[in-house]
Amino acid sequence: MSLMKTRSVLRRCAFLAHRQHLAPLRYMFGPGPSNVPPRILAAGGRPIIGHMHEEMFEIMDDIKQGIQYAFQTQNNMTIAASGSGHTAMECALFNCVEPGEPVLVAINGIWGERVAEIARRIGADVKTLVKTPGGYFTNEEIEQALAKHKPVLFFLTHGESSAGLVHPMDGIGDLCRKHNCLFLVDSVASLGGASLFMDKQNIDILYTGSQKALNGPPGTAPVSFNDRACKKMFSRKTKPVSYLLDMTHLSNYWGCDGKPERIYHHTGPVSGFFALRESLAILAEMGLENSWKLHKEVAEYLHEGLEGLGLKLFVQDKNLRLPCVTTIAIPVGYNWREITQYVMKHHRMEITGGLGPSVGMVLRVGLMGYNCSKTNADKVLVALGDALKHCHKSKV
Ligand code: PMP
């Protein structure tokens with residue numbers, strides 16, 4: 001690029017930075033990211049300090065404690081990966097699985113598909129248990145598959161955000177122990193919104209993201225490993241494929257390896273950590289049980305209202321509906337894209353269509369953390385009611 005062109009690009013950037021329409025206020029009522037409350041925005045806006053400063057290590061220690069509370073675990077090996085939920089997903093797989101090892105992945109929406117894809121890329125021998133979106137796996141089905149495939153790791157999504165399903169968790173960790181495999185769980189779309197007990201439910205590796213019920217900006221991803229997982233990942237024959245996500249380094253960066261000195265590994269997202277600390281503090285102040293209760297109450301209120309509009313919920317069994325992300329069967333005769341576009345244009349509100357295997361099946365509404373209130377549920381109902389009146393409906 002010539003010097004003249006570079007100058008003109010820079011001048012245009014400075015101009016655009018002042019134009020609010022590039023970052024407008026929106027109701028973020030899709031499956032995430034959620035709106036970030038002022039307290040977390042303010043924390044993220046604090047002046048930058050060094051990623052290796054003493055104060056930063058204190059903040060990281062607070063984050064570790066906050067994650068331990070949110071996950072209900074005492075695991076020492078608890079960190080926040082630098083990146084989105086996918087980073088934690090890859091961190092878990094890259095460290096705990098070696099090439100050629102058998103891995104069993106439960107697929108009932110996009111997240112199992114994604115994990116299977118990542119595991120294949122690292123050369124794992126991937127076996128799958130598959131249901132259509134909205135389906136779930138019984139403990140008998142899981143046990144049969146564990147006995148058949150003898151995997152080193154079993155993956156399950158707790159809150160399947162593409163299908164709107166919260167998976168029952170009791171007993172699965174015990175089955176994994178019985179069959180000598182690690183239990184890896186994705187709680188990106190459920191943490192803080194649906195009950196989950198890492199230690200009591202014998203989950204060996206658990207991860208989440210910052211941008212859903214935690215209401216942080218996207219970009220940090222809590223992940224925790226128990227002693228079983230540590231034993232496996234620290235006795236590998238091969239090095240993990242990723243240097244950035246190698247837990248031998250990250251455990252030192254997070255002060256989890258017992259060594260007196262922390263050595264530079266990568267520059268962590270300082271502002272993201274400030275924000276994450278505040279997110280976790282807010283969750284701890286509110287209390288997990290209150291947060292779970294609130295999400296359930298608001299989801300039920302929303303579900304009643306949606307049925308009042310003549311809409312059908314995608315997940316039939318009330319107990320399997322994920323309180324954080326509600327899936328609505330696309331109303332007959334409507335084009336889902338027109339509905340989401342209408343709601344964005346006329347109500348400044350994000351709701352989305354499906355994802356992966358649920359595309360064309362569902363609309364998705366997420367009311368998480370700070371966004372989780374009956375007032376916001378009413379806003380969704382008004383916007384959807386309006387869309388149903390004004391969007392094109394074909395004769396069926
Ligand atoms: N797992 C689940 C259940 C999710 O809902 C998401 C995000 N939609 C992810 C993983 C991936 O997270 P991220 O987009 O932050 O990488």
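Note that this is a predicted model, so its numbers are computed, not measured. First listed ligand is number 1; within each ligand, the first listed atom is number 1.
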Using a 4.0 Å cut-off to any heavy atom of [X], which atoms of ligand 1 qualify?
| X | answer |
| --- | --- |
| Gln211 | 13 (P), 14 (O), 15 (O) |
| Gly159 | 3 (C) |
| Ser84 | 13 (P), 15 (O), 16 (O) |

### Message
Which option wins on minimum heavy-atom distance to atom 13 (P) of ligand 1: Ala221, Ala163, Gly85?
### Response
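Heavy atom nearest to atom 13 (P) of ligand 1 belongs to Gly85.
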
### Query
Which option out of Val115, Asp186, Thr220, Leu322 puts a heavy atom nearest to atom 10 (C) of ligand 1?
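Among Val115, Asp186, Thr220, Leu322, the closest heavy atom to atom 10 (C) of ligand 1 belongs to Asp186.
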
Could you find the nearest protein heavy atom to [atom] and give me its residue, atom name and distance?
| atom | answer |
| --- | --- |
| atom 7 (C) of ligand 1 | Lys212 NZ, 3.1 Å |
| atom 5 (O) of ligand 1 | Ser161 OG, 2.6 Å |
| atom 6 (C) of ligand 1 | Trp111 CZ2, 3.3 Å |

#### Entry: Any N/O pair Thr157/ligand 1 closer than 3.5 Å
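Among all N and O atoms of Thr157, none is under 3.5 Å from an N or O of ligand 1.
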
### Task
Run the ring-centre check on Tyr207 versus Trp111 and record whether the distance is less than 6.0 Å.
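Ring centroids of Tyr207 and Trp111 are no less than 6.0 Å from each other.
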
Between [atom1] on residue [X] and [atom2] on residue [Y], distance to nearest 0.5 Å:
| X | Y | atom1 | atom2 | value |
| --- | --- | --- | --- | --- |
| Ser242 | Glu90 | OG | CD | 7.5 Å |
| Thr267 | Tyr253 | OG1 | OH | 7.0 Å |
| Tyr370 | Ser279 | OH | OG | 12.5 Å |

### Task
Begin with the C-alpha distance, continue with both residues' side-chain angles, and end with the deciding distance and a verdict on ring pair (Phe, Tyr, Trp, His ring centres under 6.0 Å) for His347 and Tyr27.
CA-CA 8 Å; His347 295 268; Tyr27 296 112; 9.0 Å; no

### Message
Taking the side chain as everything from C-beta on, heavy atoms only, tell me whether Met361 gets closer than 4.5 Å to Pro133.
### Response
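Yes. Closest side-chain heavy atoms under 4.5 Å.
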
### Message
Under a plain distance cut-off of 3.5 Å, with no hydrogens placed, do Asn76 and Lys64 share a side-chain donor-acceptor pair?
### Response
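Yes, a side-chain donor-acceptor pair sits under 3.5 Å.
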
